[in-house]
Trainee: 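Would you mind keeping the following structure in view while I ask a few things?
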Amino acid sequence: MHELSIVQALMDLVNQHTPPGVAVEAVTVEAGPMRSIDDGAMQLAWQSTVVDTALAKARLEVRLLPWRLQCPACGLQWDSEELFVACACGNASPRPVGGNDLRLVSLDVSDPPGPQAHSGVG
Amino acid sequence: MRVSVVQNVLKLNDEIAAMNREALRKAGVLAIDLIGAPGCGKTALLEATIQKLPQVRIGVIVGDLATQRDADRMARWSDQVVQVNTGKGCHLEANHVLEALSHIDLARVDILFIENVGNLICPVGFDLGQDFKVGMFSVCGGDDKPAKHPYIVTESAALLLSKSDLLPYVPFRLELFREDVRRLNPHVPLLEFSTTTGEGFDAWLRWLCERRAVAPR
């Protein structure tokens, strides 16, 4: 359940990067396959972490990235859902490249209140 | 409105890990994060290592969800042992190590092992400030574990396969195991040993002492 630690770190990071005076509507993170992140576990961890905070209504979008494989024989690189697959050239042992990404990518926030902004929920 | 951020989620953990690394290097301590499943023999490995290297001062930070038992085992051989109980936490984080380091006299340690919570998944992604991560499998755990847990294989500076004396008694395809490891991390030293019979243990001790000689200072 490393998702819980990850979500707690994520919440702190989101709060640091939220411009003043706006509400966060959605948080997008990307996770490489090495991280073994489960979207369901992330959602559960997120819900239980943000409850009763300013982020309670913020959605979490988790983009699970595919494997990036490289063939040691022909050098071809491609994205794959599976780790253990053969290369088109016949080589049976393509190797993963990277895959350990874990980053906050973007925040969707409400428009900042201007001089004639509407109050209330949007 | 979308605000682009692009930040490492574990930035704070990594910053604390960098502080730990700095403190360990300043003290000239080689630090190894030992990661393996529950019951693969991490504590037995460390007990045997401490006893077989009396000339090397070995300290241990050991993480478990609960109990002081591992620290009690190793305190028989080393006076620099700290138990960290993580409660519900399935892995150690850099701040656990920062706190534990305040209970260790680094001037009296040459090699510090950080025995992580038994788990092949979560601990891999958290930098603790170690010089090396070492992953550990046992023949009882099954030959498919490298393929199922690729991250520990790619991140390890050495991989250990314990309980090799039990190979005749368990269905473990050693060739498949080695092949999967090679595919993920072609040059990683793969050390097969048994703490019960002592076979293969010298290769581990040799690897360790070589790392101590080359650790950044």
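Quick note: numbers below take in every heavy atom, side chains included, and nothing from hydrogens, waters or symmetry partners. Proteins come first, then strands; the chains are lettered A, B, ... in the order of their sequence lines, and each starts at number 1.
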Trainee: Side chain, backbone, both or neither: which part of A/Thr18 has an atom under 4.5 Å from a heavy atom of chain B?
Mentor: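 A/Thr18 has no heavy atom closer than 4.5 Å to chain B.
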Trainee: Any ion pair linking B/Arg211 and B/Asp131 (charged N to carboxylate O, less than 4.0 Å)?
Mentor: no
Trainee: Any chance CG of A/Asp52 has more than 12 other-residue heavy atoms, nucleotides or ligands included, within less than 6.0 Å?
Mentor: no
Trainee: Pairing donors with acceptors under 3.5 angstrom, does anything connect the side chains of B/Asp64 and B/Gln83?
Mentor: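 Checked: B/Asp64/B/Gln83 side chains pair up, N/O donor to acceptor below 3.5 Å.
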Trainee: Report yes or no: do B/His91 and A/Ser5 form a side-chain donor-acceptor pair below 3.5 Å?
Mentor: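 Short answer, yes.
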Trainee: Could you report the tightest heavy-atom contact between A/Ser80 and A/Val85, atom names first, then the distance?
Mentor: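 Scanning both residues completely, I find the closest heavy atoms to be OG-CG2, 3.9 Å.
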Trainee: Looking only at side-chain N and O atoms, does B/Asp127 offer a donor or acceptor that is under 3.5 Å from a partner on B/Asn13?
Mentor: no
Trainee: Need one label for A/Ala31: side chain, backbone, both or neither, based on atoms under 4.5 Å from any heavy atom in chain B.
Mentor: neither
Trainee: Name the option with the most non-hydrogen atom pairs under 4.5 Å to chain A; the candidates are B/Arg2, B/Glu155, B/Arg183, B/Lys11.
Mentor: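 Greatest number of close heavy-atom pairs with chain A: B/Arg183.
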Trainee: For the pair A/Glu30 and A/Asp101, evaluate side chain to side chain contact (heavy atoms under 4.5 Å, CB included) and give the outcome as yes or no after the intermediate values.
Mentor: CA-CA 7 Å; A/Glu30 283 181 349; A/Asp101 324 64; 5.7 Å; no
Trainee: How long is the gap from NZ on B/Lys133 to CZ on B/Phe126, to the nearest 0.5 Å?
Mentor: 9.5 Å
Trainee: Heavy-atom pairs under 4.5 Å with chain A are the metric here; pick the option from B/Lys88, B/Glu93, B/Met1 that has the most.
Mentor: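 Greatest number of close heavy-atom pairs with chain A: B/Met1.
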Trainee: One thing to verify: whether B/Asp180 and B/Lys145 come together as a salt bridge, which I'm taking to mean a side-chain N less than 4.0 angstrom from a carboxylate O.
Mentor: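 Result for this pair is no, no salt bridge flagged.
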Trainee: Which atoms of A/Pro94 come close to chain B, meaning under 4.5 Å heavy atom to heavy atom: side chain ones, backbone ones, both, or neither?
Mentor: both
Trainee: Which bit of B/Pro123 comes within less than 4.5 Å of chain A, counting heavy atoms only: side chain, backbone, both or neither?
Mentor: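 Neither part; nothing is under 4.5 Å.
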Trainee: Can you check whether anything in residues 6-17 of chain A gets within less than 4.5 Å of chain B, heavy-atom wise, and list it by number?
Mentor: A/Ile6, A/Ala9, A/Leu10, A/Leu13, A/Gln16, A/His17
Trainee: What part of B/Glu179 gets closer than 4.5 Å to chain A, counting heavy atoms only: side chain, backbone, both or neither?
Mentor: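 For B/Glu179, no heavy atom lies under 4.5 Å from chain A.
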